[in-house]
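Only heavy atoms go into these numbers, but all of them, side chains included; no hydrogens, no water, no symmetry mates. Given the structure is predicted, the values throughout are model-derived calculations rather than measurements.
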Amino acid sequence: MECLLQYWDELDDLFWLVPALKERIRRGLIALISLAAIAAVAGLGVLAAVQNPSSALVIAAVMAYGLLLRTTFGDPDFEQA
């Protein structure tokens with residue numbers, strides 16, 4: 001009986017291996033897409049700074065202010081609103 005239970009445990013592990021691998025691949029693809037988006041935005045920021053430095057400075061200041069506010073007050077909690 002114990003041998004049968006060990007066999008069943010191995011089959012169960014093999015069955016759940018596929019969803020675990022799919023989740024790991026999905027997270028990796030999301031991270032890759034996020035990095036590509038960050039690189040694209042950084043490249044567009046460089047292009048904007050070359051074309052119109054004063055506007056790029058204003059945009060950077062507004063974004064930095066937004067990050068400062070988010071760091072200070074944290075994420076908004078929409079569930080209590």
Under a plain distance cut-off of 3.5 Å, with no hydrogens placed, do Trp8 and Asp12 share a side-chain donor-acceptor pair?
no
Taking the side chain as C-beta and beyond, is there a heavy-atom pair between Ser55 and Leu57 under 4.5 Å?
no
Is any side-chain heavy atom of Arg27 closer than 4.5 Å to a side-chain heavy atom of Arg24?
no
Starting at CD of Glu10, measure out to CG of Asp13 and round the result to the nearest 0.5 Å.
5.5 Å
Please examine the side chains of Leu11 and Phe15, heavy atoms only from C-beta on, and report whether any two atoms are closer than 4.5 Å.
no
Heavy atoms only: give me the nearest Ala56-Ala49 pair and the separation to one decimal.
CB-CA, 3.7 Å
Taken to the nearest 0.5 Å, the spacing of Asp9 CG from Leu14 CG works out to 11.5 Å
Rounded to the nearest 0.5 angstrom, the OG1-OH distance for Thr72 and Tyr65 is 9.0 Å
Rounded to the nearest 0.5 angstrom, the CZ-CG distance for Phe73 and Leu68 is 8.5 Å
